[in-house]
Undergrad: 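A single structure is presented below for examination.
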Amino acid sequence: MPLDEISIARRAVVNLGAGPGIQPEAALRNMSASILNHAESGMGIMELSHRDVGGPIQTLMQDTKDQIKGLLAVPDSHEVLLMHGGAWAQFAAVPMNLIGDAQAQGFGCTSWVRTGNWGDIARGEAEPHLPTHTAASFDPTTPGGLAVPDFDSWEVRSDAAFVHLCANETVTGIEYKEDPDLAQIVANQAGRIAADGTLQPGRAEVKTSTKLLNQASDLPPLVGDFTSCLLARLVDISKYGVVYASGGKNVGPSGVCVAIVNKDLVDSRTAHPLCPAVMNYQRILDQDSRLNTPATFNIMALHEVLKWLESHGGVPAAQRWADARSGAVYDAIDSSGGFYANHVEAKDRSRLNVPFRIPKRGGEGFDVELEADFVAEAAARGLQQVHVALPPALLGGNGAKQGGGLRLSMYNALPVEDAIKAAQFMDDFRRRHA
Ligand code: PMP
């Protein structure tokens, strides 16, 4: 197919996939050139050694790390690691690197901010190491008004090896749009510990005053899963001990994983003796992300995606696009007179992943058949990968048995006009089926 026909074919599609999802076409074209002849070397990206000192792969890796540092204003205290195994590998790597010798370090738990399924999955990987503690939780039983837990509701324990949050829950569709200031949270918490050891207001069930942190020294590090929102908003990296995001969405292809780690934190913790070398932050740091053979193709692809973002206004532009795209789709939901329902409080609605349902008219529950029609009609109009994949807690009523649910995902590479097309389709579908 000649290139212009490829472009025409691509433009006929609105790719609303949750991941692997849309990548910028210009970046994809550069990737295909690099497959055959990387950086004018006469050799393809898959044919070049990472051990060639100062050679094309080492240059590529350095450039890619520098791009991430530039785009996200990563402070000097932190380093970018280019790792393997996606975010799932980080779910395991985080406890193995940050707990180390729990007894020697006085760690009694890892601490979790619950916002949906991805945070819970990560927590599952930490459970074999130490008891896990809920720092704060969304309420999955209120499908009408899900929200991220307010920073002030977090309970920070002095014996936590780390506190973990998921910045954007890809399935639940809720997003922390700001970065927490753990020192501030602890200062507020200190003022809320009552004489009887309970945390007031609201957490009367909590009687752990001996373990509640009441001073902002010795803060546990904050760890953030940014898989579905990295590069879609400015992040205050200095607030985090570890930020990680796998590819498949805004960070190039799946498989690769960017981990931005605080170097002092890595120095101060001893990895678990069973931590595989390939997941050991200190060893990856010491080896400049070349402990084993890096995923060179994926890193090249990531580099091209970052180049594209840099030349299109960087993260501030991406933030504006995300606002515009999600604004158009949430407007279609909010102006539908109840035909569509999104279950997230407006302030916490994800700008990247918009899950919604079609409630049954005049009845309880959701119209699963109509949702299936939505998916089929959308596909016929070129709106692809509209997933029907909400977890039971969000489905409402007997949703678990019914299945159903709709989700539009809109990552950096999706043109704003494509989100507008999706919103127009939603209006049109509603008019025809209401
Ligand atoms: N965290 C979040 C928020 C995700 O959306 C995903 C993938 N959809 C993951 C983690 C897992 O990423 P991977 O499949 O790359 O391991």
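Both ligands and their constituent atoms are indexed starting at 1 by order of listing.
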Undergrad: State whether a side-chain donor-acceptor pair under 3.5 Å links Ser350 with Asn168.
TA: yes
Undergrad: What residues, two or more places apart in sequence or in another chain, satisfy salt bridge (Lys or Arg N to Asp or Glu O under 4.0 Å) together with Arg283?
TA: none
Undergrad: Please list, by chain and number, the protein residues whose heavy atoms come under 4.0 Å of ligand 1.
TA: Gly86, Ala87, Trp88, Phe91, Trp118, Cys166, Asn168, Thr170, Asp225, Thr227, Ser228, Ser246, Lys249
Undergrad: Do Phe162 and Phe107 have ring centres separated by under 6.0 Å?
TA: no
Undergrad: Which heavy-atom pair separates Arg349 from Lys177 by the least distance, and what is that distance?
TA: O-NZ, 2.6 Å
Undergrad: Considering only residues two or more places apart or on different chains, which pairs with a residue in residues 229-254 satisfy salt bridge (Lys or Arg N to Asp or Glu O under 4.0 Å)?
TA: Asp179-Arg233, Asp236-Lys239
Undergrad: Can you give each donor-acceptor pair under 3.5 Å made by side-chain atoms of residues 94-102, sequence neighbours left out, with the distance rounded to 0.1 Å?
TA:
residue	atom	partner	partner atom	Å
Asn97	OD1	Tyr281	N	2.9
Asn97	ND2	Ala93	O	2.8
Asn97	ND2	Met279	O	2.8
Asp101	OD1	Gln103	N	3.3
Asp101	OD1	Ala104	N	3.2

